Asker: 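Input: one structure, supplied below.
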Amino acid sequence: MTAGVGRPRRLPVSFFARDATVVAPELLHKVLRVGSGAGAIDARIVEVEAYTQDDPASHSWRGETARNAVMFGPPGRLYVYFVYGMHHCVNIVTGARGDGQAVLVRAAVIDGVDPRRSNGPGKLTVALGVDRTHDGVRANVLDDGTPVPMATVTPRVGITKAVDWLRRWEAAWPSDGSARAGS
DNA sequence: AATCTGATCGTG
DNA sequence: ACGATCAGATTA
């Protein structure tokens, strides 16, 4: 409806240099752009989870390793990991450099893609063509003026620790189904 | 070196 | 409810 007000602006690193629990809900209905030019894919984020270093469910809980190093690096980068022998998941690094935290992007709306092909973290990376080669690359997140939507807050999915922490935010899917950031 | 464990997904 | 499938972390 009122999506696409104003020209989209790329969120600055300072946006991500805050706590994951603050950044995560603000990422709802922002647009994650992967690739550039004609091959770019825009995904309007509708579901996220926050992971911090003091969180037993977080990859950063036991400190920095080769796999999670990007989580401890500068904010605003993609942290991509491989799990269950077959799935990639994409996160956006938040917080100060040296603080291991990130926001997992679990679902997004992609223009022209069946929502059932982008409504889970593993499926989303397939739809976006994201894999470990994207680990550490600068995230391209656009704010097209769409207001931060109302969100439901619930426990996170698929974890066995901190199971009652309310760190998952889910927004209603855009009624027009559009993932376009505007032009 | 051996074992365990997944920030998942599709199928039964 | 369960199996697929394997990299990374942990333990010895």
Side-chain angles (χ1 to χ4, degrees), chain A residues 15-32 34 41 43-110 113-141 151-171 173 179:
Chain A
F15 176 91
F16 302 99
R18 299 173 293 151
D19 196 83
T21 57
V22 174
V23 176
E26 291 188 23
L27 280 172
L28 293 172
H29 284 198
K30 298 292 189 296
V31 174
L32 173 62
V34 173
I41 302 177
R44 191 173 297 278
I45 297 166
V46 294
E47 184 185 340
V48 293
E49 286 178 0
Y51 290 89
T52 55
Q53 205 174 336
D54 64 329
D55 173 5
S58 173
H59 290 169
S60 56
W61 168 244
R62 293 170 196 265
E64 183 174 345
T65 65
R67 172 168 83 146
N68 64 19
V70 171
M71 285 185 85
F72 291 81
R77 308 269 188 112
L78 298 183
Y79 165 50
V80 183
Y81 65 90
F82 183 67
V83 271
Y84 296 118
M86 54 188 80
H87 298 296
H88 292 279
C89 295
V90 62
N91 299 248
I92 301 172
V93 176
T94 58
R97 191 189 181 102
D99 191 2
Q101 52 169 264
V103 174
L104 171 68
V105 184
R106 292 187 54 87
V109 183
I110 302 172
V113 174
D114 184 336
R116 291 177 299 185
R117 285 271 143 224
S118 62
N119 64 352
K123 293 188 278 185
L124 180 60
T125 52
V126 171
L128 290 173
V130 165
D131 57 29
R132 277 170 301 181
T133 65
H134 295 81
D135 190 39
V137 307
R138 174 78 192 280
N140 192 5
V141 184
T152 57
V153 189
T154 60
R156 293 166 295 183
V157 175
I159 53 171
T160 59
K161 301 156 199 150
V163 292
D164 55 340
W165 291 25
L166 301 176
R167 292 194 168 195
R168 171 173 174 257
W169 291 265
E170 196 172 7
W173 287 52

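Keep in mind that what you see is a predicted model, and the values were worked out from it rather than measured. Lettering follows sequence order; numbering is per chain, from 1.
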Asker: Tell me which residues in residues 154-164 of chain A lie within less than 4.0 Å of DNA chain B, going by non-hydrogen atoms.
Answerer: A:Val157, A:Gly158, A:Ile159, A:Thr160, A:Lys161

Asker: Distance-only, no hydrogens or angles: does the A:Thr125 side chain make a donor-acceptor pair with backbone N or O of A:His88 under 3.5 Å?
Answerer: yes

Asker: Taking A:Arg44 for the side chain and A:His29 for the main chain, is one N or O donor matched with an acceptor at less than 3.5 Å?
Answerer: yes

Asker: Is the positively charged end of A:Arg18 above the ring of A:Phe15, judged by distance under 6.0 angstrom from the centroid and angle within 45° of the axis?
Answerer: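 Satisfied, under 6.0 Å and within 45°.
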
Asker: Grab the CD-P distance between A:Glu64 and C:dG8 for me, whole Å please.
Answerer: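 Spelled out: CD on A:Glu64 to P on C:dG8 is 15 Å.
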
Asker: My understanding is that only one of A:Val70, A:Val90, A:Asp135, A:Asn91 makes a side-chain contact (heavy atoms from CB on, under 4.5 Å) with A:Tyr81; could you say which?
Answerer: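 Looking at A:Val70, A:Val90, A:Asp135, A:Asn91, the match for A:Tyr81 under the side-chain contact (heavy atoms from CB on, under 4.5 Å) is A:Asn91.
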
Asker: Just checking A:Arg117: base, sugar-phosphate only, or nothing, at a heavy-atom cut-off of under 4.0 Å?
Answerer: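 The answer is sugar-phosphate, as A:Arg117 gets under 4.0 Å only of primed atoms, P, OP1 or OP2.
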
Asker: Between A:Glu49 (CD) and B:dG6 (C1'), how many Å, whole number?
Answerer: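 For the pair A:Glu49 CD and B:dG6 C1', the rounded distance is 14 Å.
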
Asker: Given B:dA7, C:dG8, C:dT5, which nucleotide is nearest the side-chain atoms of A:Met86?
Answerer: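 Of the options given, the side chain of A:Met86 lies nearest C:dT5.
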
Asker: Compare every heavy atom of A:Val157 with every heavy atom of A:Arg168, then report the nearest pair and how far apart it is.
Answerer: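 The answer is NE-CG2, 3.6 Å.
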
Asker: Under a 3.5 Å limit for both distances, which nucleotide forms a Watson-Crick or G-U wobble pair with C:dC6, could you say?
Answerer: B:dG6

Asker: Is a donor-acceptor contact shorter than 3.5 angstrom present between the side chain of A:Tyr81 and the base of B:dA7?
Answerer: yes

Asker: For the pair made of OH in A:Tyr51 and P in B:dA7, what is the distance, rounded to whole Å?
Answerer: 7 Å

Asker: Between atom CG in A:Leu124 and atom P in B:dA7, what is the gap in whole Å?
Answerer: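 Rounded to whole Å, this separation is 17 Å.
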
Asker: Could you check how far CZ of A:Phe82 sits from C1' of C:dA9, rounded to whole Å?
Answerer: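 Rounding to the nearest Å, CZ of A:Phe82 and C1' of C:dA9 are 16 Å apart.
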
Asker: Expressed as a whole number of angstroms, how long is the span from A:His59:NE2 to C:dT10:C1'?
Answerer: 15 Å

Asker: Between B:dT8, B:dA7, C:dT10, which nucleotide gets closest to the side-chain atoms of A:His87?
Answerer: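 Among B:dT8, B:dA7, C:dT10, the one nearest the side chain of A:His87 is B:dT8.
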
Asker: Please give, in whole Å, the distance from C:dG8 P to A:His88 NE2?
Answerer: 11 Å

Asker: What's the shortest heavy-atom distance between A:Gln53 and A:Gly98, and which atoms?
Answerer: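 Heavy-atom minimum between the residues: OE1-O, 4.0 Å.
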
Asker: Starting at atom CD1 of A:Ile92, determine the distance to atom P of B:dA7, rounded to an integer number of angstrom.
Answerer: 19 Å

Asker: Could you please name the option among C:dA9, B:dT8, C:dT10 that lies closest to any side-chain atom of A:Pro121?
Answerer: B:dT8

Asker: Just to confirm, is there a sub-4.0 Å distance from OP1 or OP2 of B:dT8 to any side-chain nitrogen or oxygen of A:Arg106?
Answerer: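 Yes, such a contact exists.
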
Asker: I'd like to know whether CZ of A:Arg138 has more than 12 heavy-atom contacts from other residues, nucleotides or ligands below 6.0 angstrom.
Answerer: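 Count over threshold, so yes.
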
Asker: What's A:Gly85 touching, base or sugar-phosphate or nothing? Going by heavy atoms closer than 4.0 Å.
Answerer: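 Since a base atom lies under 4.0 Å of A:Gly85, the category is base.
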
